[in-house]
Amino acid sequence: MAIENKAPGKDIAPDDLVSKFPLAAKRSPDHVSRFTVAGVEFGGPLVPVMAGPNTVENEAMIVATARAVKAAGGHMLRGGAFKPLTFPYRGPKYFETREQGLGWLAKAKAETGLPVITEVMEIEKIAAVAEVADILQIGTRNMQNYPLLTAVAKAGKPVMLKRGYGASLRDWLGAAEYVLVEGNPHVILCERGVVAPHTHRSSSRFVLDLQVVPAAKEVTHLPVMTDPSHATFWRPWVKPMALASVAAGADGIMLEVHPDPANAAVDPLQPVDFADFASLMDDMDRVARAVGRRIKG
Ligand code: PEP
Ligand code: MN
C-alpha cells in the first residue's frame, strides 16, 4: 500500500509497515480483518455497540443495564470490575468491585445472553477476568504495558486495545503488534480521546481524535472503534461524537449507559440513561446505513 509520508521519524514511515508492525499492517487496500466474537461480527457491515456502566456497582444495576442494552439492540455489555481509578482513595462514590463485580457481570451475561467486555490491569487477574469476558479490554493507561500485553495475548480471548491518550498511531500499532506476535489475531483498536491543548471544557483534558479512524484504517486491517463517552467526558457531547464516529467509519462504538447517570459511582458526567441510549441506537443506525453499514437488525 502506498504511503505518501516519507519523512523519517515523522510518525509512520513506509518501512514501518514491513519492519515494525508487519502483522498489524494492511497488505493491500482491501485487506480488512473480519472476525466473530460470541456471535458479534467485527470488521464487517455491522458496527457493534458495547454499552454499560463505567463501574459494575452492584448486581441489580448491571443486570438492569444489560437488559436495557439488549432491548435497545446493543451487542455487548461493558462494565469495569477492575478499575484504573486516578486516585487511590475509595468511598461510596468512587470504588471498584473487583472479583465481586466480575461475578455480577457473569450474572448479567447469563440473564441476557449479551457478551461481555471488561478491563484487565494485572497479569495475575487475567485468568479470572477471561473466565467472564468475551473481550479483554486494555485501558488507555496500560496501552504500552508490554508485559501485560504479552500475557493478555495468550489468554485465548480477543483483545480491545484502547489508544493511550498521548500515543501516536505508530505507538498504538506497535502495542497491537505485541498481541499479534503472540499468535492472537483478534485485536480491536479503540480511540478514546487524546490529551490536547484546547479541550473546550475544564472538566476534561481529552479530545476525540476522529481523524485517527480513517488514518488507522489506511495502514491497518484491524477494526478501529471509538469511545465517545471517555473522549468527551460530557453527556451532551456523547451523541454528536457517536454519530460522527459512525459516519467516520468506526468499526464499533463503546458507550457508557447507566440507570441513574447523575448518581454513577465513577464519571457521572458522561453516561447516558436507558431512554437516551435507545434513541441513540436508532440515530446511529440511520447514520450507519447512510455509509453502507448497520447497527440494528
Ligand atoms: C473504561 O472504559 O472504563 C476506561 C477506564 O477507559 P479508558 O481506559 O479509556 O480511560
Ligand atoms: Mn469509565
Side-chain angles (χ1 to χ4, degrees), residues 47-57 61-62 65 68-69 72 74 76-80 83-87 91-96 117-119 137 139-141 143 160 162-167 172 189-213 224-250 252-288 295:
V47 181
V49 175
M50 311 169 172
N54 187 307
T55 302
V56 182
E57 297 172 22
M61 71 85 71
I62 194 66
T65 306
V69 167
M76 294 192 75
L77 178 67
R78 66 142 282 143
K83 291 290 307 164
L85 295 169
T86 302
F87 306 102
K93 297 294 287 175
Y94 197 69
F95 58 86
E96 52 177 342
I117 175 165
T118 194
E119 179 160 353
Q137 175 172 328
T140 188
R141 292 159 184 82
M143 187 201 86
M160 190 260 249
K162 285 201 161 186
R163 180 185 182 191
Y165 46 63
W172 197 14
L189 302 171
C190 181
E191 155 63 25
R192 51 78 67 214
V194 291
V195 174
H198 308 294
T199 55
H200 318 299
R201 278 186 60 83
S202 54
S203 60
S204 173
R205 61 200 188 285
F206 305 124
V207 160
L208 180 65
D209 181 6
L210 210 46
Q211 191 167 293
V212 87
V213 174
V224 184
M225 56 181 287
T226 75
D227 175 347
S229 304
H230 283 88
T232 61
F233 198 67
W234 183 235
R235 191 160 26 256
W237 296 353
V238 168
K239 172 178 170 176
M241 291 301 98
L243 297 179
S245 294
V246 176
I253 304 287
M254 174 168 267
L255 288 170
E256 284 199 359
V257 178
H258 192 283
D260 181 10
N263 288 305
V266 179
D267 296 348
L269 299 179
Q270 74 195 28
V272 297
D273 65 19
F274 295 169
D276 284 349
F277 176 66
S279 89
L280 181 52
M281 286 293 289
D282 289 339
D283 293 341
M284 287 192 298
D285 186 51
R286 276 196 284 277
V287 174
I295 290 200

Please report the C-alpha distance between His230 and Asp267 in whole Å, then the side-chain angles of each, then the deciding distance to 0.1 Å, and finally whether the side chain to side chain contact (heavy atoms under 4.5 Å, CB included) criterion is met. CA-CA 9 Å; His230 283 88; Asp267 296 348; 4.1 Å; yes

Of the non-hydrogen atoms in [X] and [Y], which two are nearest, and what is the gap between them?
{"X": "Val257", "Y": "Thr65", "result": "O-CG2, 3.7 Å"}
{"X": "Phe277", "Y": "Gly74", "result": "CZ-CA, 4.4 Å"}
{"X": "Met50", "Y": "Ile117", "result": "SD-CD1, 3.8 Å"}
{"X": "Ile253", "Y": "Ala242", "result": "CD1-O, 4.1 Å"}
{"X": "Thr226", "Y": "Cys190", "result": "C-SG, 3.9 Å"}

Verify side chain to side chain contact (heavy atoms under 4.5 Å, CB included) between Met254 and Met76, making sure each step is shown before the conclusion. CA-CA 9 Å; Met254 174 168 267; Met76 294 192 75; over 6 Å; no

Are the side chains of [Y] and [X] in contact, using a 4.5 Å heavy-atom criterion?
{"X": "Asn54", "Y": "Lys83", "answer": "yes"}
{"X": "Val47", "Y": "Met284", "answer": "no"}
{"X": "Asp260", "Y": "Glu57", "answer": "no"}
{"X": "Ser204", "Y": "Leu269", "answer": "no"}
{"X": "Trp237", "Y": "Arg201", "answer": "yes"}
{"X": "Pro53", "Y": "Ile62", "answer": "yes"}
{"X": "His200", "Y": "Val207", "answer": "yes"}

Are any side-chain N or O atoms of Glu191 and backbone N or O atoms of Asp209, one a donor and one an acceptor, separated by less than 3.5 Å? yes

Using only atom types and a distance under 3.5 Å, with no angle test, would you say the side chain of Arg78 pairs donor to acceptor with the backbone of Glu119? no

Near-ring test Phe206/Tyr165, centroid separation under 6.0 angstrom: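 Centroid separation for Tyr165 and Phe206: below 6.0 Å.
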
Applying side chain to side chain contact (heavy atoms under 4.5 Å, CB included), run through Val212 and Trp172 and close with a yes or a no. CA-CA 11 Å; Val212 87; Trp172 197 14; 4.0 Å; yes

For Arg235, which of Pro261, Ser229, Pro268 qualifies under side chain to side chain contact (heavy atoms under 4.5 Å, CB included)? Pro261

Identify the residue among Arg163, Lys162, Arg192 that makes a side chain to side chain donor-acceptor pair (under 3.5 Å) with Asp227.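 Among Arg163, Lys162, Arg192, the one meeting side chain to side chain donor-acceptor pair (under 3.5 Å) with Asp227 is Lys162.
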
Determine, stepwise, if the pair Leu255 / Val272 fulfils side chain to side chain contact (heavy atoms under 4.5 Å, CB included). CA-CA 8 Å; Leu255 288 170; Val272 297; 5.7 Å; no

